Amino acid sequence: MQTKPVLQLSDVKAIAMAAEQHALANNWPVTIAVVDDGGHLLWLQRLDGAAAISAHIAPAKAHTAALGRRESKVYEEVINGGRVSFLSAPAVSGMLEGGVPIIKDGFCLGAVGVSGVKSSEDAEIARAGISALEI
């Protein structure tokens, strides 16, 4: 039987704080979501000025990144590349850039999803959050 690391609440808080600091430093009003490896929401934070819809999109991006164990951008690229049938994939709806998996020792521990600014900036904020774990 294998054992694997898991996110603890202190990890989730560190991720959220680092992501928030990065967003605020750039004046980016976003929503930040952190999920576990099954895509279950552990943290949701909507910064002042973030659009209401971002509170739906950020968790969806995180969920997609966690279940797929890859950045949600990959799915966006597949669809933009012409494989629109992928839109019917079950259990994933956040197929836009901005969801980044949290990987440690080859295991996916969860993901961070961000929504509210350009997708590449959303992903940048997610990565800034994950960097707080120093993995």
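None of the values given here were measured: they were computed from a predicted structure.
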For [X] and [Y], indicate whether the former's side chain and the latter's backbone hold a donor-acceptor pair under 3.5 Å.
X	Y	result
His63	Ala91	yes
Arg127	Ile125	no
Asp11	Gln8	yes
Ser119	Gly98	no

If we only count heavy atoms from C-beta on, is the [X] to [Y] side-chain gap below 4.5 Å?
X	Y	answer
Glu97	Asp122	no
Ile103	Ile135	no
Val112	Ile15	yes

Distance-only donor-acceptor pairs under 3.5 Å for side chains of residues 39-55, two or more places apart:
from: His40; atom 1: ND1; to: Asp36; atom 2: OD1; distance (Å): 3.1
from: His40; atom 1: ND1; to: Asp36; atom 2: OD2; distance (Å): 3.4
from: Trp43; atom 1: NE1; to: Gln45; atom 2: OE1; distance (Å): 2.9
from: Gln45; atom 1: NE2; to: Glu20; atom 2: OE1; distance (Å): 3.0
from: Arg46; atom 1: NE; to: Ala50; atom 2: O; distance (Å): 3.1
from: Arg46; atom 1: NH2; to: Ala50; atom 2: O; distance (Å): 3.1
from: Ser54; atom 1: OG; to: Thr31; atom 2: OG1; distance (Å): 2.7
from: Ser54; atom 1: OG; to: Ala51; atom 2: O; distance (Å): 2.5

(Q) One pair to check against side chain to side chain contact (heavy atoms under 4.5 Å, CB included): Tyr75 and Val92. What are the steps and the verdict? (A) CA-CA 10 Å; Tyr75 301 106; Val92 290; 5.9 Å; no

Q | Audit row: Lys104, Glu134, salt bridge (Lys or Arg N to Asp or Glu O under 4.0 Å) steps and yes/no | A | CA-CA 10 Å; Lys104 179 174 173 56; Glu134 299 178 8; over 6 Å; no

Q: Just jot down the salt bridge (charged side-chain N to carboxylate O under 4.0 Å, His left out) partners of Arg83, sequence neighbours excluded, or say none.
A: none

Indicate the atoms forming the closest heavy-atom contact of [X] with [Y], along with that distance.
X	Y	value
Pro101	Ala111	CA-CB, 3.8 Å
Asp37	Leu67	O-CD2, 4.3 Å
Ser72	Ala65	N-CB, 4.3 Å

Separation between [atom1] of [X] and [atom2] of [Y], rounded to the nearest 0.5 Å:
X	Y	atom1	atom2	result
Cys108	Arg70	SG	CZ	10.5 Å
Ser115	His56	OG	NE2	10.5 Å
Glu121	Trp28	CD	CH2	4.0 Å
Ser93	Leu87	OG	CG	11.0 Å

Q | side-chain hydrogen bond (donor to acceptor under 3.5 Å, both in side chains) partners of Arg69, counting only residues at least two apart | A | none

Q | Heavy atoms from other residues, nucleotides or ligands near NZ of Lys118 exceed 12 (cutoff 6.0 Å) | A | no

Q. Do the charged groups of Lys61 and Glu71 touch, with an N to O distance under 4.0 Å?
A.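 Glu71 and Lys61: not salt-bridged.
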
Q: Is it possible for you to say whether Val117 and Leu24 belong to one hydrophobic cluster, with membership spreading through side-chain heavy-atom contacts below 4.5 Å?
A: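 As far as the 4.5 Å side-chain criterion goes, Leu24 and Val117 are connected within one cluster.
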
